[in-house]
Number of protein chains: 2
Amino acid sequence: MSKAATKDSYHHGDLRSALIDTGLRLLAEKEGADISLREVARETGVSATAVYRHFPDKDALLGALAYAGYEKLFDAQDAAAQGQADREKAFRAIGQAYVHFAVANPDLFRLMTNCMPSAADVESGAFPGDNRAGVLLREYIAALLPNGTEWDRGVAAVQALALVHGLAQLVLGGQIPNDPKLIDAVVDQFGSWHDSQT
Amino acid sequence: MSKAATKDSYHHGDLRSALIDTGLRLLAEKEGADISLREVARETGVSATAVYRHFPDKDALLGALAYAGYEKLFDAQDAAAQGQADREKAFRAIGQAYVHFAVANPDLFRLMTNCMPSAADVESGAFPGDNRAGVLLREYIAALLPNGTEWDRGVAAVQALALVHGLAQLVLGGQIPNDPKLIDAVVDQFGSWHDSQT
DNA sequence: GTCGCGATGTTTACACTGTTTACTTACGCA
DNA sequence: TGCGTAAGTAAACAGTGTAAACATCGCGAC
């Protein structure tokens, strides 16, 4: 943002974020078709090789798009959790927000799952692992299983992640109808299972 | 199989299945890299355009590979269910077999999820929806929820699918350690949840 | 002020991809 | 025996990711 707004000059000003912006736009516009480095450059009004001044290769560009996608996802999850009365409802809202985000941004979400940060990435700080959703997940599970071992809590966390992620994937693939009531019911029942275990 | 074994002649004999074989082989060999039509043809010892006599385009070839993958997956699930004492254990074995298959064949599994048969495909008969795993899933859920409505059973089925599919995806992506004990525990606990609800 | 250097662009080129078109081969049936 | 057609080929085209060499601007040191 420091040297932006000089888009007509030889030097672009802030090409890196401009490329990310058009990348996100193309992902939102072109349903199903995957994105090409040259197209992102062309649509930004810049030569293809200019991209290489800001990203080592195409994967890095896609990774940056995925990163931006995760930030949008976390924002949506935060917003969904904000309005909830208690922690349990917030927890469920976060899970539902995950699926709804995937449905609303199918291509971006698919890209995100392809470039998903591994546990190593998060620990090394390359990805923002300290997002509010992750914190809430840990908090919620700790509260649900106060007497549970670390192992039990880990299993519960994995279950929550897998359920929500698999649900999103299946809805996107058309194996499960995109029915908000069904999605909410699946997530809600997962919560009540853990309730019944306390 | 009818006119095979004449691989040295101008006409290949059974090129279609030969292409599928090398496609599966390449998927198993090249970790992470995606497959190219030309490479499949080259590796089969045939020109690239010969592929088009058997598949309308690349997507169709990949679809055939995915189809073959599903058959292997269903076989693995059948085998896993076979040795189990009761239906409940068979149910869990099927779920675990799903994840283990994904871990053992990561690239094939990724391809399968990209070319996943939609509900419409299965109903139209394009994909074998009558696999033993699907039947067992329905049977098992019907037995678990004898008094449940159709809706309840649908929710339970979606939960089972989403949990197992999401688990496979997360393990493949490295977000969850590839720990068989963890995988089994996650699937097992899902079963005990439903047990506690009956 | 101006000068030069490094960051940021561009053009050109290469190997590779999926796909179309036109041509060739050989199998099976009349 | 001959021929139609299914099943192969080679050549060409547009598009891709990327490397190499060249051009342009911005900013700090003299």
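Keep in mind that the numbers below use all heavy atoms, side chains included, and drop hydrogens, waters and symmetry copies. Residue numbering restarts at 1 for every chain, and letters A, B, ... go by the order of the sequence lines.
Ranking C/dT19, D/dT9, D/dT18 by closeness to the A/Leu37 side chain, first place goes to D/dT18. Side-chain atoms of B/Lys58 lie closest to C/dT19 of the nucleotides C/dT8, C/dT19, D/dG8. When the nucleotides C/dT19, D/dT18, D/dG8 are ranked by their closest atom to the side chain of B/Asp57, C/dT19 comes out on top. Checking D/dT18, C/dT20, D/dG8 against the side-chain heavy atoms of B/Tyr52 singles out C/dT20 as nearest. When each of D/dA11, D/dT18, C/dG18 is scored by its nearest atom to the side-chain atoms of B/Thr49, the top-ranked nucleotide is D/dA11.
Residue A/Arg38 places no side-chain atom within donor-acceptor reach of the base of D/dG15, judged by atom type and a 3.5 Å distance cut-off alone.
Looking at heavy-atom distances under 4.0 Å, A/Ser36 makes contact with sugar-phosphate atoms alone, never a base.
With the nearest nucleotide of DNA chain C identified for both B/Arg53 and B/Asp59, B/Asp59 has the one nearer the 5' end.
Here D/dA7 presents its C1' atom at 12 Å from CG of B/Leu19, a figure rounded to the nearest Å. As rounded to whole Å, 12 Å separates atom P of D/dG15 from atom NZ of A/Lys30. Distance A/Asp34 CG to C/dT17 C1': 12 Å, rounded to the nearest Å. Spacing between atom CG of A/Leu62 and atom P of D/dT16 amounts to 14 Å, rounded to whole angstrom units. Protein atom CZ of A/Arg42 is 18 Å distant from nucleotide atom C1' of C/dG9, rounded to whole Å. To the nearest angstrom, P of D/dT16 lies 12 Å from CD1 of A/Ile35. Atom CD in B/Glu43 sits about 12 Å away from atom P in C/dT17, given to the nearest Å. Atom CZ of A/Phe55 and atom P of D/dT18 are 13 Å apart (whole Å).
Residue B/His54 places at least one side-chain N or O closer than 4.0 Å to OP1 or OP2 of D/dG8.
Taking the ring centroids of A/Tyr98 and A/Phe109, they lie under the 6.0 Å cut-off.
For the side chain to side chain contact (heavy atoms under 4.5 Å, CB included) with B/Val51, the qualifying choice from B/Leu37, B/Asp57, B/Leu15, B/Val40 is B/Leu37, the only one to do so.
A salt bridge links A/Asp107 with A/Arg110: at least one charged nitrogen is closer than 4.0 Å to a carboxylate oxygen.
When atom types are taken as modelled, the side chain of B/Gln77 and the backbone of B/Ala97 share no donor-acceptor pair closer than 3.5 angstrom.
Annotation: the span from A/Leu27 atom CG to A/Ile35 atom CD1 amounts to 4.0 Å, rounded to 0.5 Å.
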